[in-house]
**Student:** 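Sharing a structure, written as structure tokens. Questions coming.
Because the structure is predicted, anything quoted here is derived from the model rather than measured.
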Amino acid sequence: MDYLINHQTRFEYEHPAGSSHQALRLTPRDSEYQRVLSAQIRVDPLPRTQSQRTDYFGNQVTDVLIRENHHALKILSTSRVQVRSRDDILLDLSPAWETVAQQTRYPDSAGAWDAARFCFPSEQIALEGAREYAEPLITAGKPFLRLAMELTERIHEEFQYQGGVTDAYTPVSEILSNRVGVCQDFAHVGIACLRAYGLPARYVSGYLLTHPPAGQSRLVGADASHAWLSVWCPEFGWVDFDPTNNMRTLAEHITLGWGRDYLDVSPTRGFLLGGGTQKLSVSVDVQPIGESL
């Protein structure tokens, strides 16, 4: 499927901000199942400098520096992306989870070495309580991808989706205790559960095409930033699971980037001089424009 994506971010400041430096992770990345045809980021006010780099995980980062007084900062990312879903996954033919844990503990291939980076706690993903939550699903010899799917299903069934009760820094232990949160939280929980058993899991940031109710038109800007998790499995590579929607990802999931947790792929992250309190508004529009790949 072919998509045109417009992601608009606006910061409004109580007082003039004298300068601002932002690292923007708003450019989708290429992969085996996703192709970026075009991507552009426009910033208002016009930055003094705007440059691109690739971070440690291979994500595209746009650094902008603004040196003039401004009451608002507007960032518009526009991209065109082709995505196709994976149809070659047979969950029960994947290796046992113990085998995967062993291969990433003693990596002997490029894929295993890459995956080994995602087997440990990270800044936002401590493992407290995660091992105990996943324990009922951990049985000897269970295929790893089947385990990941069962964990996805359990999180979907037992956690309530509700915005405004967590933030980017809410610990996994609190989410496990309260059983409420948003897609970011559910991804963090799933990742923590797998890492608690030495299994490789990474955080994926992206978009999800939404569908209007029957008989209603799509609303511009009504789509959403989204997050899910991805696990590495020998022979299959990285396979993505979406606990918010209880599924493996489809061609309607568009990947921005990945890392150990949310902080590695936060869409905007930086600092400013002055400004006082600030108000953030975000609008995302994902428009399908044809079938391809």
Side-chain angles (χ1 to χ4, degrees), residues 5-29 36 38-79 122-126 163-172 174-175 181-185 187-188 202-208 220-227 254-286:
I5 306 159
N6 285 288
H7 183 154
Q8 181 172 290
T9 306
R10 181 178 177 86
F11 295 93
E12 296 181 1
Y13 306 119
E14 178 185 14
H15 306 295
S19 65
S20 177
H21 177 265
Q22 299 290 330
L24 310 177
R25 288 174 172 82
L26 289 166
T27 302
R29 62 182 294 165
V36 180
S38 64
Q40 181 182 40
I41 293 178
R42 296 194 295 269
V43 179
D44 181 23
L46 191 67
R48 173 76 64 86
T49 62
Q50 181 168 330
S51 59
Q52 290 189 319
R53 59 183 169 91
T54 302
D55 70 11
Y56 173 73
F57 299 104
N59 304 306
Q60 294 299 305
V61 184
T62 301
D63 291 304
V64 298
L65 175 63
I66 298 169
R67 286 293 195 186
E68 64 178 82
N69 286 347
H70 54 288
H71 277 91
L73 173 62
K74 180 180 176 181
I75 304 162
L76 177 61
S77 171
T78 302
S79 54
S122 57
E123 184 172 353
Q124 287 192 291
I125 302 181
V165 297
T166 59
D167 59 31
Y169 299 96
T170 302
V172 168
E174 183 176 326
I175 301 165
V182 294
C183 57
Q184 168 189 300
D185 304 309
H188 280 169
R202 67 189 182 191
Y203 181 97
V204 185
S205 168
Y207 305 108
L208 176 62
V220 174
D223 296 299
S225 294
H226 195 42
I254 302 155
T255 299
L256 265 177
W258 54 68
R260 294 163 299 179
D261 53 42
Y262 170 80
L263 288 182
D264 284 335
V265 286
S266 173
T268 61
R269 191 176 185 187
F271 59 88
L272 70 159
L273 181 64
T277 59
Q278 58 183 270
K279 177 183 178 181
L280 170 66
S281 58
V282 177
S283 173
V284 176
D285 184 56
V286 180

**Student:** Would you say CD of Gln278 has more than 12 non-hydrogen atoms from neighbouring residues, nucleotides or ligands within 6.0 angstrom?
**Tutor:**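 Yes.
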**Student:** Measure across Gly259 and Arg202 and return the closest heavy-atom pair with its distance rounded to 0.1 Å.
**Tutor:**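 So the minimum-distance heavy-atom pair works out to O-CB, 3.5 Å.
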**Student:** Decide yes or no for Pro267 and Tyr262: does some side-chain heavy atom of the first lie under 4.5 Å from some side-chain heavy atom of the second?
**Tutor:**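 In contact.
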**Student:** Do Leu73 and Pro45 have side chains that get closer than 4.5 Å, going by heavy atoms?
**Tutor:**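 They are in contact (side-chain heavy atoms under 4.5 Å apart), so the answer is yes.
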**Student:** Between atom OG of Ser281 and atom NZ of Lys74, what is the distance when rounded to the nearest 0.5 Å?
**Tutor:**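 Those atoms lie 10.0 Å apart.
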**Student:** So, taking the atom named CD in Glu12 and the one named OG1 in Thr277, what distance separates them when rounded to the nearest 0.5 Å?
**Tutor:**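 Taking CD in Glu12 and OG1 in Thr277, the distance rounds to 11.0 Å.
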**Student:** Looking only at non-hydrogen atoms, find the nearest pair between Arg29 and Gly257 and report the distance.
**Tutor:**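 Here Arg29 and Gly257 meet closest at CD-CA, 3.9 Å.
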**Student:** Between Arg260 and Ile125, is a side-chain contact (heavy atoms from CB on, under 4.5 Å) present by the stated rule, with each step listed?
**Tutor:** CA-CA 8 Å; Arg260 294 163 299 179; Ile125 302 181; over 6 Å; no
**Student:** Using atom types as modelled and distance alone, determine if a side-chain donor or acceptor of Arg269 lies under 3.5 Å from a backbone N or O of Leu263.
**Tutor:**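 Looks like yes, one N/O pair under 3.5 Å.
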**Student:** Does either side chain, that of Arg42 or that of Gln40, offer a donor lying less than 3.5 Å from an acceptor on the other one?
**Tutor:**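 Per modelled atom types, Arg42 and Gln40 side chains form a pair under 3.5 Å.
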**Student:** Within this structure, what is the CD-CG distance for the pair Gln60 and Leu24, rounded to the nearest 0.5 Å?
**Tutor:**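 Reported value, rounded in 0.5 Å steps: 12.5 Å.
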**Student:** Using modelled atom types only, decide if a donor and an acceptor are shared between the side chain of Ser266 and the backbone of Thr268 within a distance under 3.5 Å.
**Tutor:**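 It does hold such a pair.
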**Student:** Checking side chain to side chain contact (heavy atoms under 4.5 Å, CB included) against Ile41, which of Leu76, Thr78, Val64, Leu26 comes through?
**Tutor:**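 The option that passes is Leu26.
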**Student:** For Trp258, is there any backbone N or O sitting under 3.5 Å from a side-chain donor or acceptor partner on Asp264?
**Tutor:**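 Checked: no pair found.
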**Student:** Side chains of His7 and Tyr207, heavy atoms from C-beta outward: is any pair under 4.5 Å?
**Tutor:**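 Touching, per the 4.5 Å side-chain cut-off.
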**Student:** Could you grab the distance from atom CG of Asp185 to atom OG1 of Thr170, nearest 0.5 Å is fine?
**Tutor:**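 Result: 6.0 Å between the selected atoms.
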**Student:** Could you give the distance from CG (Asn6) to OG (Ser79), rounded to the nearest 0.5 Å?
**Tutor:**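 The CG atom of Asn6 sits 8.0 Å away from the OG atom of Ser79.
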**Student:** Once the angle between the rings of His188 and Tyr203 is folded into 0 to 90°, is it parallel (under 30°), tilted (30 to 60°) or perpendicular (over 60°)?
**Tutor:**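 The arrangement is tilted - the two ring planes meet at 30° to 60°.
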**Student:** Which pair of non-hydrogen atoms, one from Gly18 and one from Asn69, has the smallest distance, and what is that distance?
**Tutor:**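 Heavy atoms of Gly18 and Asn69 come nearest at CA-OD1, 3.3 Å.
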**Student:** Tell me the closest heavy-atom pair linking His15 and Gly276, and the distance in Å.
**Tutor:**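 Here His15 and Gly276 meet closest at CD2-CA, 4.1 Å.
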**Student:** Are Tyr13 and Leu272 packed together at the side-chain level, in the sense that at least one heavy-atom pair is separated by less than 4.5 angstrom?
**Tutor:**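 Result yes, sub-4.5 Å side-chain heavy-atom pair found.
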**Student:** Is a side-chain N or O of His70 found less than 3.5 angstrom from the main chain of Glu68, in a donor-acceptor match?
**Tutor:**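 The answer is yes, because a donor-acceptor pair under 3.5 Å joins these two groups.
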**Student:** Can you name the nearest heavy-atom pair linking Ser205 to Val265, along with the distance?
**Tutor:**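 Nearest heavy atoms, Ser205 then Val265: CB-CG2, 3.7 Å.
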**Student:** Atom NE2 in His226, atom CG in Leu256: separation rounded to 0.5 Å?
**Tutor:**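 Reported value, rounded in 0.5 Å steps: 12.5 Å.
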**Student:** Which atom pair, heavy atoms only, marks the closest approach of Pro47 to Val43?
**Tutor:**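 Scanning both residues, the minimum pair turns out to be CG-CB, 3.8 Å.
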